[in-house]
Amino acid sequence: MEPADAARLGPERVVRALPPRLLLLPLLPLLLGRGLRAAASASSSGAAAEDSSAMEELATEKEAEESHRQDSVSLLTFILLLTLTILTIWLFKHRRVRFLHETGLAMIYGLIVGVILRYGTTATSGHDKSLSCTQEDRAFSTLLVNVSGKFFEYTLKGEISPGKVNSVEQNDMLRKVTFDPEVFFNILLPPIIFHAGYSLKKRHFFRNLGSILAYAFLGTAVSCFIIGNLMYGVVKLMKIVGQLSDKFYYTDCLFFGAVISATDPVTVLAIFNELHADVDLYALLFGESVLNDAVAIVLSSSIVAYQPAGLNTHAFDAAAFFKSVGIFLGIFSGSFTMGAVTGVVTALVTKFTKLHCFPLLETALFFLMSWSTFLLAEACGFTGVVAVLFCGITQAHYTYNNLSVESRSRTKQLFEVLHFLAENFIFSYMGLALFTFQKHVFSPVFIIGAFVAIFLGRAAHIYPLSFFLNLGRRHKIGWNFQHMMMFSGLRGAMAFALAIRDTASYARQMMFTTTLLIVFFTVWIIGGGTTPMLSWLNIRVGVDPDQDPPPSNDSFQVLQGDGPDSARGNRTKQESAWLFRLWYSFDHNYLKPILTHSGPPLTTTLPAWCGLLARCLTSPQVYDNQEPLREEDSDFILTEGDLTLTYGDSTVTANGSSGSHTAPTSVEVSRRTKGSSEEVLERDLGMGDQKVSSRGTRLVFPLEDNA
């Protein structure tokens with residue numbers, strides 16, 4: 001552009017007419033300045049972001065380190081509690097103190113630590129604010145939150161009532177000592193339940209099998225429904241007087257009845273064992289408590305599964321009721337089958353392999369197979385408590401015979417130690433949870449009503465059933481036994497574990513708090529009064545577990561050799577339940593030879609056409625053993641006419657015949673033409689009863705079955 005043209009056009013038109021590259025020249029310093037400032041700003045913001053990210057990573061590492069330290073402190077707290085409990089137990093045993101059991105001690109120490117943690121520590125964390133998700137109609141188990149482009153994962157801890165939003169616990173230490181309920185079910189309960197089945201005294205258990213099954217199944221169901229209906233009345237009363245702040249349905253009351261019907265007379269049984277109390281009373285209480293826990297947990301699962309059709313999901317519906325009954329039977333039978341099958345598989349593995357040459361591997365396999373039974377049942381939708389209980393019974397009956405001497409001792413001691421530690425850990429946690437649990441709902445009316453309902457439910461459980469059982473028993477369950485069983489209805493680890501497993505709703509939180517207080521009362525008060533109650537009820541103590549029960553006018557015949565009345569024509573019958581007698585022959589002739597190294601060879605019990613199979617399944621040790629392994633559940637199974645007693649100068653047979661004899665004291669078993677199992681039983685009887693004849697001046701045998 002020429003200067004003349006520029007002058008003619010004017011400055012504005014010149015600017016418009018300039019090429020774009022020429023227009024940028026005057027603006028270059030300005031653009032460069034702004035660009036430099038923008039670059040500097042971007043650089044500074046990037047550096048700030050990096051510094052912020054580094055600070056966040058450092059804070060996260062510190063938080064993780066602090067969380068690890070708190071986890072260590074919480075576990076150390078429980079270990080110190082157990083250590084202190086063990087030392088105090090030793091002191092009590094050394095001083096022969098019996099007014100407080102070890103579980104009561106663990107609860108006291110847990111209470112003390114709970115008070116210290118609750119009121120002696122300060123809040124270490126806080127909540128910034130609560131976020132509202134009004135568009136969602138349900139809670140999510142996992143939540144991803146986008147915070148400035150970064151995603152954070154949050155997990156569901158549980159529901160908080162509106163009135164307690166601002167009082168949520170802000171002490172991280174109290175949160176750390178509050179365990180996930182699944183820890184109790186998957187880690188602590190299996191060794192407790194397995195030990196109960198593995199250490200079962202089969203002789204006294206099967207002698208009272210019918211009564212134990214009646215108390216455990218029928219009695220628990222009666223107790224559940226009585227407690228549930230009484231508590232429903234209490235809930236209605238609470239609603240009238242205005243002490244019920246949320247929903248509490250009839251099914252919730254039945255669930256509470258099932259939970260609180262799980263008895264755990266660990267304190268009473270420990271004192272019985274220490275004092276050597278009457279073995280039949282011990283067997284009734286122990287057998288009831290073992291099966292009662294299994295029934296209670298399956299019953300509670302069936303009540304939860306109760307789903308009536310229609311809008312009112314808590315009304316009574318006959319179809320839903322029978323469906324729940326079917327679920328109960330299905331879960332129990334399935335769990336029983338799974339536990340027994342796992343025990344059988346373990347027995348076969350230990351029989352047909354040479355694991356006994358490596359006791360460490362043998363013990364490890366036994367431990368893992370036993371524990372996996374619980375988890376397998378839970379994974380398949382059954383109940384692990386029932387499965388692991390019957391797995392323990394099966395392992396004791398079959399697998400135990402295949403183990404090496406070292407493994408037998410190791411497995412017994414291993415599960416005994418695990419049972420002791422797990423049980424005391426749970427009772428310590430109970431004391432701790434009274435002050436550290438964040439969802440307690442204390443209702444005096446509900447708590448008092450629960451105590452009354454439990455007393456009435458236990459009474460309706462024991463006395464009517466004992467009356468009907470005594471109609472078929474010659475060895476009666478006396479009034480003193482019934483009173484002691486009524487008194488021994490303690491609640492413990494199973495009731496606590498069932499109650500803490502679900503504390504999401506208002507009703508379940510009230511149940512948990514009430515269950516905790518009931519456990520405290522029964523363990524401290526009833527457990528502490530066991531020894532005086534034994535004395536007041538005139539129950540025998542210092543009894544040899546292998547000694548027969550005492551004679552009575554209506555159920556026993558005393559056989560003595562010092563007078564003419566020693567040869568009375570009374571018939572002697574076996575003590576064991578008839579159901580077990582039918583089972584024993586099949587078990588001894590077939591199952592024991594298949595699953596263990598004991599019993600008669602299958603070549604002598606199976607038909608001839610099964611010869612090849614019999615030779616494959618029969619262990620070579622069976623042919624090498626001149627004397628089959630003695631079974632502690634076979635020395636009380638007799639058949640009429642098999643027993644001949646020679647005592648002093650009188651010989652008394654089971655069919656009533658008698659005669660003079662001058663031989664020294666002995667017990668002879670008449671040999672007749674019988675199967676191999678009966679010969680083994682006779683040989684076992686001779687081995688076992690010689691000790692009885694040398695202990696005193698009389699032999700006592702019941703006249704009828706004990707049902």
Side-chain angles (χ1 to χ4, degrees), residues 208 210-237 250-265 268 280-281 283-300 302-303 306 316 321 324-325 328 332 445-473 476-492 494-495 498-499 511 514-515 517-519 521-522 525-526 529-530 533 537 707:
N208 298 277
S211 301
I212 290 172
L213 292 177
Y215 285 127
F217 284 86
L218 187 58
T220 303
V222 169
S223 175
C224 168
F225 283 98
I226 288 179
I227 294 175
N229 284 279
L230 290 176
M231 293 312 298
Y232 188 64
V234 172
V235 168
K236 289 295 186 182
L237 177 63
Y250 178 67
T251 51
D252 293 326
C253 297
L254 287 180
F255 179 82
F256 177 73
V259 167
I260 210 65
S261 294
T263 59
D264 186 16
V268 176
D280 281 330
L281 177 60
L284 288 173
L285 274 175
F286 180 78
E288 181 208 357
S289 67
V290 167
L291 295 179
N292 163 273
D293 288 346
V295 174
I297 190 172
V298 179
L299 194 59
S300 63
S302 303
I303 294 172
Y306 179 76
F316 177 78
F321 172 77
S324 296
V325 173
F328 173 86
F332 195 94
V445 177
F446 191 86
I447 293 171
I448 295 174
F451 275 98
V452 175
I454 289 171
F455 178 82
L456 296 177
R458 184 69 179 175
H461 172 181
I462 296 298
Y463 295 115
L465 276 180
S466 299
F467 172 78
F468 288 109
L469 288 172
N470 282 337
L471 297 179
R473 292 175 59 110
K476 310 296 183 183
I477 303 175
W479 283 106
N480 57 344
F481 279 23
Q482 296 180 40
H483 295 329
M484 194 67 215
M485 293 179 69
M486 169 71 188
F487 180 80
S488 303
L490 282 75
R491 270 64 178 178
M494 180 57 69
L498 287 173
M511 292 180 204
T514 305
T515 301
L517 295 177
I518 290 172
V519 172
F521 177 84
T522 55
I525 305 302
I526 297 180
T530 300
M533 184 63 67
L537 294 176

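Between the OG atom in S302 and the CD1 atom in I297 there is a gap of 11.0 Å [rounded to 0.5 Å]. Taken from CD1 in I518 to CD1 in I260, the straight-line distance is 4.0 Å, to the nearest 0.5 Å. Rounded to the nearest 0.5 angstrom, S466 OG and M486 CE are separated by 11.5 Å. With rounding to the nearest 0.5 angstrom, the NZ atom of K476 is 10.0 Å from the CZ atom of F467. For the atom pair CG of L299 and CZ of F255, the computed distance is 10.0 Å after rounding to the nearest 0.5 Å.
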Task: Test log, rule side-chain contact (heavy atoms from CB on, under 4.5 Å), inputs L284 and I212 - done: CA-CA 6 Å; L284 288 173; I212 290 172; 4.2 Å; yes
- [ ] Evaluate the criterion side-chain contact (heavy atoms from CB on, under 4.5 Å) for residue pair I526 and F487; output intermediate values, then yes/no.
- [x] CA-CA 7 Å; I526 297 180; F487 180 80; 3.6 Å; yes
TODO: Report the C-alpha distance between I447 and T514 in whole Å, list the side-chain angles of each, state the deciding distance to 0.1 Å, and finish with yes or no for side-chain contact (heavy atoms from CB on, under 4.5 Å).
DONE: CA-CA 6 Å; I447 293 171; T514 305; 3.7 Å; yes
Open item on the list: Checking R458 against T263 for the side-chain contact (heavy atoms from CB on, under 4.5 Å) test, could you report, in this order, the C-alpha distance in whole Å, the side-chain angles of both residues, the deciding distance, and whether it holds?
Closed with: CA-CA 10 Å; R458 184 69 179 175; T263 59; 3.7 Å; yes
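Minimum interatomic distance between R491 and S261 (heavy atoms only, all atoms of both residues): NH2-CA, 4.1 Å. For the pair A258 and I303, the tightest heavy-atom approach, listed with the atom from each and the gap, is CB-CD1, 4.0 Å. The two residues I226 and A460 have their closest heavy-atom pair at CD1-CB, 3.2 Å. The nearest pair of heavy atoms linking M484 to L537 is N-CD1, 3.7 Å. When all heavy atoms of D252 and M511 are compared, the pair lying nearest together is O-CE, 2.9 Å. Considering every non-hydrogen atom in both A262 and D293, the closest pair reads CB-OD1, 3.8 Å.
Counting heavy atoms from C-beta outward, Q482 and N470 have side chains that approach closer than 4.5 Å. Proximity of V235 to Y250: side-chain heavy atoms (C-beta onward) are nowhere separated by under 4.5 Å. Residues L254 and Y232 are not in side-chain contact: their nearest non-hydrogen atoms beyond the backbone lie 4.5 Å or more apart.
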